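The model shown is predicted, which means the values in this text are computed figures rather than measured ones. Residue numbers begin at 1 in each chain, while the letters A, B, ... track the order of the sequences.
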Amino acid sequence: MRYLGGILATVIALGLWQAIVSLTGVRRFILPPPALVAETWFDNRALIFEHTLVTATEIGLGLLVGAVLGIATALTLAASDFARLTVRPILVFTQALPVFALAPILTLWLGFGMGSKIAMAVLIIYFPITSAFFDGLMRTPPGYLDLAQTMGASKWRTLWRIRVPAALPSLGSGLRLAAVYAPIGAVIGEWVGSSSGLGYLMLLANGRAKTDLMFAALLTLGVLSIVLYLTVNWLTLAYLKRHSPGV
Amino acid sequence: MTAAPGIRFSGRASVDGVAVFDRLELVLEPGGWTCLLGVSGVGKTTILRLIAGLPTGAAFEGAIAANDGAGLGARVAYMAQSDLLLPWATVEENVTLGARLRGEAPDHARARRLVADVGLDAHAAKKPNALSGGQRQRVALARTLMEDRPVILLDEPFSALDARTRAEMQELAFRLLDGRTVLLVTHDPGEAARLADKIVVMTETGAEEVATPPGSAPRAMSDPAFHAAQAALFARLGAA
């Protein structure tokens with residue numbers, strides 16, 4: 001029952017796609033029929049897998065580095081009034097810059113390899129993680145802080161033993177958001193300049209009017225993103241359920 | 001635990017120039033239960049928080065002093081209406097929270113003894129969500145006792161419990177907090193009539209001490225004198 005909706009939606013979408021192709025007679029290089037895309041995907045599975053591995057690595061490393069940096073920044077902001085005063089405006093300003101516009105510079109600085117793509121993914125997820133975790137750290141239930149104060153707690157132990165664990169659900173929301181954004185960052189990086197990855201494969205296929213291969217790569221990217229999101233979603237929720245049951 | 005001091009509170013508190021209470025005097029008897037009884041919004045919690053040294057959002061002019069001349073800061077323990085148990089910590093970890101927040105090594109043997117004292121030995125390794133509301137408030141009581149402070153500030157800690165659980169908790173807290181200076185803030189005349197060595201009724205016009213019912217606390221609920229006292233206290237709250 002749980003999966004029925006998804007299966008039904010897929011069947012409807014494929015049906016519509018096929019109907020459009022059949023009814024309009026659109027050329028194959030404009031919109032290939034689903035069966036052809038499936039066939040192309042199967043014929044090129046080794047190629048697609050190779051590029052998927054590259055993109056997945058970029059996304060994974062981007063998520064890891066972005067999460068570490070975001071968590072560290074949020075902790076610094078929560079612990080220090082001075083950091084809040086000085087670092088926050090910088091953060092807000094960098095958010096006003098469209099991250100996409102930085103992609104060419106990153107490629108210039110870090111080259112055509114994975115580095116610039118990982119940096120793009122990091123940049124795009126850094127702010128959502130920082131801001132979600134920071135919000136959580138600043139919204140500790142006041143009763144806990146009252147209790148800590150009457151117990152003679154130090155500021156650091158209050159942060160570590162109360163504010164951080166109480167903010168983990170917020171960090172979880174930030175990580176789930178990051179799982180959605182990270183693939184966008186990696187693929188934009190690949191579009192600007194690369195020699196491998198699903199974004200590169202899509203550009204390559206598009207340039208040679210191999211629209212069927214482009215669709216195959218695009219759908220693979222979609223599946224990769226969904227699997228990534230579901231994994232992060234499951235991991236964070238399962239951890240929180242164990243960590244703070246009933247919250 | 002060091003000897004329980006008496007506490008004298010006097011002064012006025014205001015928020016944006018509007019008085020919460022004015023020229024109020026409250027004396028907590030050493031080693032006894034003082035019940036501060038009043039309707040919601042009359043400033044009872046503000047007084048308790050001022051004594052606890054917690055932020056109130058009100059400007060306070062006055063004095064809070066212990067009769068032995070020493071400071072109060074590290075001598076109070078606080079228990080609120082909400083149990084404030086950390087959902088990620090087990091019962092025993094919650095009870096030893098104070099030591100861990102101060103960077104001291106927790107006395108696990110004593111923690112287990114206190115958990116047993118409140119009747120939860122079988123639940124020491126559970127997390128709060130596995131407990132009932134009454135059990136959770138017992139853990140909060142054990143946590144308060146673990147701090148071993150001579151002054152205990154109770155801000156309506158029993159008011160969210162059902163009638164039977166509340167009566168049990170009142171008796172348990174009264175027995176285990178014996179010998180300490182206790183301030184119980186409550187809006188329940190019955191609770192004040194049951195537990196108080198001294199009752200102070202707080203209304204918009206000020207605070208006034210009222211005679212306690214005969215007999216020593218905790219008073220039996222079947223006692224007619226208890227009912228009369230409860231009714232009299234209720235009338236005083238209504239008359240304000």
Side-chain angles (χ1 to χ4, degrees), chain A residues 67 71 74-75 78-81 84 132-176 232-247, chain B residues 45 48-57 71-91 93-104 106 126-133 136 139-140 143-149 151-157:
Chain A
I71 289 169
L75 284 173
S80 154
D81 294 339
R84 267 206 295 289
F133 191 34
F134 174 69
D135 278 353
L137 288 169
M138 298 311 278
R139 268 194 262 118
T140 313
Y144 292 167
L145 298 179
D146 289 344
L147 191 65
Q149 192 182 329
T150 59
M151 287 174 163
S154 74
K155 180 184 155 184
W156 291 104
R157 292 206 181 85
T158 306
L159 178 67
W160 185 241
R161 298 217 176 265
I162 293 181
R163 291 173 68 193
V164 167
L168 287 184
S170 304
L171 176 60
S173 315
L175 289 173
R176 287 193 287 277
V232 171
N233 189 50
W234 180 79
L235 282 175
T236 50
L237 294 181
Y239 177 76
L240 285 172
K241 208 174 157 191
R242 262 182 60 101
H243 177 265
S244 303
V247 171
Chain B
T45 293
L48 180 136
R49 292 182 67 90
L50 284 166
I51 297 175
L54 292 172
T56 59
L72 275 175
R75 291 200 286 171
V76 300
Y78 164 70
M79 198 172 155
Q81 179 178 350
S82 157
D83 53 67
L84 299 177
L85 297 184
L86 304 177
W88 56 85
T90 64
V91 165
E93 287 164 349
N94 267 292
V95 171
T96 55
L97 177 68
R100 287 183 297 124
L101 283 176
R102 289 185 295 271
E104 300 161 0
K126 288 185 184 167
K127 288 190 177 178
N129 82 313
L131 304 178
S132 70
R136 293 173 60 114
V139 179
R143 182 187 60 202
T144 310
L145 289 163
M146 188 72 191
E147 291 298 288
D148 202 20
R149 305 285 176 92
V151 180
I152 308 287
L153 304 172
L154 305 175
D155 193 359
E156 306 196 3

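- Annotation: maximal heavy-atom pairing with chain B below 4.5 Å, among A:P165, A:P142, A:G143, A:A148, occurs at A:P165.
- Neither the backbone nor the side chain of A:L240 comes within contact range of chain B; no heavy atoms are under 4.5 Å apart.
- Put simply, the side chain of A:R163 never gets that close to the backbone of A:M138: no donor and acceptor are under 3.5 Å apart.
- Counting only residues at least two apart or on different chains, the side-chain hydrogen bond (donor to acceptor under 3.5 Å, both in side chains) pairs with a member in residues 233-246 of chain A are A:R176-A:T236.
- In terms of heavy-atom pairs under 4.5 angstrom with chain B, the leader among A:I162, A:T158, A:L145 is A:I162.
- The part of B:L85 that comes within reach of chain A is its backbone (N, CA, C, O), which places non-hydrogen atoms under 4.5 angstrom from that chain.
- The stretch residues 71-90 of chain B participates, sequence neighbours left out, in these salt bridge (Lys or Arg N to Asp or Glu O under 4.0 Å) pairs: B:D68-B:R75, B:D83-B:R136.
- The closest side-chain donor-acceptor pair between B:D155 and B:T45 falls under 3.5 angstrom.
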